[in-house]
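Data block below; observations after.
Here is the naming used below: chain letters follow the sequence lines, and residue numbers restart at 1 for every chain.
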There are 2 protein chains.
Amino acid sequence: MAVTIHEVARGAEVSVSTVSRAFTVPEMVHPETRRRVLQVAGELGYQPNRAARGLVTGRTGNIGVVVPDVANPFFSAVLKGCAARAREARHVVFLADAAEDPRVEAEVVGAMAKQVDGIVLCSPREDLAQLERLAGIAPLVLLNRDVEGVPSVLMDSADGVRQAVEHLGALGHRRVAHLAGPATSWAGKERLRGLRAAAPANDVEAVELGPFPPTFQGGVQAADLALARGVTAVLAFNDLMALGVLSRLAARGVAVPRDMSVVGFDDIEMSGMTPEPLTTVRMPMEAAGRAAVDMLLDEQTTESELQRWLPTQLIVRSTTTPPAEVR
Amino acid sequence: MAVTIHEVARGAEVSVSTVSRAFTVPEMVHPETRRRVLQVAGELGYQPNRAARGLVTGRTGNIGVVVPDVANPFFSAVLKGCAARAREARHVVFLADAAEDPRVEAEVVGAMAKQVDGIVLCSPREDLAQLERLAGIAPLVLLNRDVEGVPSVLMDSADGVRQAVEHLGALGHRRVAHLAGPATSWAGKERLRGLRAAAPANDVEAVELGPFPPTFQGGVQAADLALARGVTAVLAFNDLMALGVLSRLAARGVAVPRDMSVVGFDDIEMSGMTPEPLTTVRMPMEAAGRAAVDMLLDEQTTESELQRWLPTQLIVRSTTTPPAEVR
DNA sequence: ATGAAAGCGCTAACAC
DNA sequence: GTGTTAGCGCTTTCAT
């Protein structure tokens with residue numbers, strides 16, 4: 001069995017409260033006593049049982065993170081940010097993989113509720129009513145989803161699209177396809193919003209395609225459609241799709257920097273895996289994770305600043321070139 | 001505040017023990033009583049506080065998982081397996097990102113120890129003594145590391161290398177380079193072992209290069225060395241490195257399926273990101289995560305089967321071809 | 001089949 | 001500055 005506070009108390013010849021204080025409010029115990037307590041605790045390898053502590057304080061020191069898919073590099077980056085920030089605050093993260101299923105999502109939030117101080121819900125697939133219900137059972141911070149009254153961390157994808165469209169427009173592209181991801185995606189709607197606003201202003205015609213699955217295969221599928229519509233550039237929902245597009249274009253003999261420009265989202269370059277210099281809109285995923293945990297830890301969050309917007313940035317590489325007719 | 005067992009008891013007009021039993025040993029309470037209790041619990045949205053439960057039962061229902069880097073697709077796949085298996089067993093996973101730092105690793109194991117039923121330590125960077133110490137403070141299952149007396153899940157990379165070497169040898173390759181990753185990697189040592197055993201048997205000369213950082217950049221660096229040594233094929237420590245090699249070879253004008261064959265490990269195809277048909281040794285990462293949690297949950301594990309070996313498999317794609325001199 | 005009560009490891013009044 | 005004590009929400013004897 002693990003070593004308890006009582007054994008430390010006995011060893012240091014003090015009461016349990018003194019031991020407790022030595023750990024939680026050190027300045028309240030005599031330096032000499034504290035030294036002795038800490039010393040004994042060290043020797044015994046004592047570490048306070050956080051569950052027991054939580055039971056009385058009401059604060060668990062745990063923060064929950066729910067992602068639709070851990071294996072998706074987008075979310076693992078978010079997760080990394082959460083874990084890093086949590087550790088700084090000496091908190092621990094509870095992870096749940098919702099397997100892209102809204103029902104599982106709701107379920108795990110319920111299961112976690114009691115054992116965490118708050119939950120970061122990433123790109124939740126739930127409907128509004130569910131989300132509002134969940135926000136009632138535990139402090140929530142939404143990532144990539146915006147619900148009235150619920151704190152959230154948002155990435156400015158609309159602006160990312162604007163940057164991309166501006167860039168393409170400046171190069172001379174006049175018809176660009178947008179390959180949508182899942183219809184329920186908040187980020188997807190934002191991008192569409194950005195697209196519709198930016199396209200006219202930059203004299204480009206937006207061809208809206210989709211929805212497609214946000215996967216490599218989805219990109220393959222989308223590429224054929226884009227080709228059929230005679231665009232000179234495509235904006236893919238994410239890097240995975242962009243990769244699929246690239247692959248399909250290659251297979252159909254369409255030279256990518258020359259005949260068609262491709263822009264992706266969710267830059268995964270961090271893993272060094274961007275296989276060709278694919279132009280992308282960089283989403284600050286790790287920063288978003290940090291920010292979300294941050295809001296959870298910051299008590300005042302709920303009252304004042306309910307939304308945290310993170311900027312996105314277009315990273316231009318060699319795969320965007322002027323269309324053939326302009327060159 | 002959350003709804004407690006007392007409120008349910010009051011609502012259902014029974015004692016708390018009955019409520020408790022209705023949840024933990026349903027067959028011990030009268031069907032009618034149980035129905036009423038569950039009904040009230042449902043209405044109130046009651047969910048037992050697992051921390052409190054753990055305090056008395058000694059079992060927390062939590063599984064700790066420590067990875068060197070969540071953002072590494074290899075580990076996020078493992079993590080996914082862990083999360084999935086944990087959920088099946090109605091357990092929750094505690095995640096810690098050790099940031100590739102052995103000290104942090106030891107630290108988080110200590111911090112987690114009390115609040116979990118066991119810990120999965122992935123590719124631990126610690127030295128043997130540390131690991132043995134950690135095994136004493138919490139039930140541990142090692143992944144990708146083998147320590148006497150500590151349960152572990154291992155992937156048969158040596159056999160993977162054997163398959164690769166056999167394949168290359170059969171195609172006519174006579175000199176193949178092995179690009180090592182971090183010197184402390186257990187998997188790396190295993191691969192080397194497999195290589196040294198398989199090379200002579202297949203009439204191929206193994207050129208051992210490295211160590212290199214297990215990254216894209218590491219691959220770039222390694223490619224030049226491999227080129228200088230006049231090999232016709234390379235075995236890269238992992239896919240990231242393999243990608244780096246590919247990239248560098250392309251930059252130096254070496255045609256990849258034709259002038260040089262490249263084989264990677266840690267197949268990341270699951271994310272649809274294998275950019276070119278790179279031949280790889282598939283590591284069953286998700287299965288490994290499942291297996292690890294499985295061993296933690298299975299009480300008997302510690303006594304009987306201390307090691308679980310998972311098979312690896314060579315996935316041949318078009319990038320392995322006979323060397324020029326054979327064609 | 002059910003209730004009463006003890007206690008898991010800890011913190012937070014409340015004494016001294 | 002330190003000790004005593006009463007719970008936190010739950011399970012688990014031990015009665016009944």
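As rounded to whole Å, 13 Å separates atom P of D/dT11 from atom CD of B/Gln47. The distance between atom CZ of B/Arg35 and atom P of C/dA1, rounded to the nearest whole Å, is 17 Å. At whole-Å resolution of the value, CZ in A/Arg53 and C1' in D/dG7 are 17 Å apart. Here the P atom of nucleotide C/dG9 and the CG atom of A/Leu55 are 12 Å apart, to the nearest Å. Separating the CG atom of A/Leu44 from the P atom of C/dG9 is a distance of 14 Å, rounded to the nearest angstrom. Taking atom CZ of B/Arg34 as the reference point, atom P of C/dT2 lies 10 Å away to the nearest angstrom. Straight-line distance from the NE2 atom of A/His6 to the C1' atom of C/dT11: 11 Å, rounded to whole Å. Atom NZ of B/Lys114 is separated from atom P of C/dC10 by 8 Å (rounded to the nearest Å).
Set against C/dT2, D/dT2, C/dC10, the side chain of B/Val29 has C/dT2 as its closest nucleotide. You'll find that the side chain of B/Ser15 is closest to C/dG3, out of D/dC10, C/dG3, C/dA1. With D/dC8, D/dG1, C/dA1 as the choices, the nucleotide that has an atom nearest any side-chain atom of B/His30 turns out to be C/dA1. Ranking D/dT11, C/dT11, C/dT2 by closeness to the B/Thr24 side chain, first place goes to D/dT11. Closest to the side chain of A/Asn49, out of D/dT2, D/dG9, C/dC10, is C/dC10. Here C/dT11 is the nucleotide among C/dT11, C/dA12, D/dC10 with the atom lying nearest to any side-chain atom of A/Ile5. Considering only side-chain atoms of A/Arg21, the nucleotide from C/dA13, C/dA4, D/dG9 that sits closest is C/dA13. Counting only heavy atoms from C-beta on, B/Thr18 has its side chain closest to C/dG3 among D/dT11, D/dT2, C/dG3.
Contacts of B/Ser20 with the nucleic acid, taken as non-hydrogen atoms under 4.0 Å apart, include base atoms. As judged by a 4.0 angstrom heavy-atom cut-off over every strand, B/Arg50 is placed among residues making no nucleic acid contact. Among the protein residues, B/Thr57 comes within range of the sugar-phosphate backbone only, with heavy atoms under 4.0 Å from sugar or phosphate atoms but none that close to a base. No contact: A/Phe23 has no heavy atom under 4.0 Å from any strand.
Taking 4.0 Å as the cut-off between side-chain N and carboxylate O, B/Arg36 and B/Glu13 do not count as a salt-bridged pair. Classification of B/Glu7 and B/Arg10 as a salt-bridged pair fails, no side-chain N sitting under 4.0 Å from a carboxylate O.
Along DNA chain C, the nucleotide nearest B/Val56 and the nucleotide nearest A/Ser17 are compared for position; the residue whose nucleotide lies closer to the 5' end is B/Val56.
The only option from A/Asp97, A/Val66, A/Ile119, A/Asp101 that meets the side chain to side chain contact (heavy atoms under 4.5 Å, CB included) definition with A/Val108 turns out to be A/Val66. Of the candidates B/Glu286, B/Arg290, B/Lys80, B/Arg85 forms a side chain to side chain contact (heavy atoms under 4.5 Å, CB included) with just one, namely B/Arg290.
Judged by distance alone, the side chain of A/Arg21 and the main-chain N or O of A/Val29 form no donor-acceptor pair under 3.5 Å.
Crowding of B/Arg103 atom CZ: a count of heavy atoms from other residues, nucleotides or ligands under 6.0 Å not exceeding 12.
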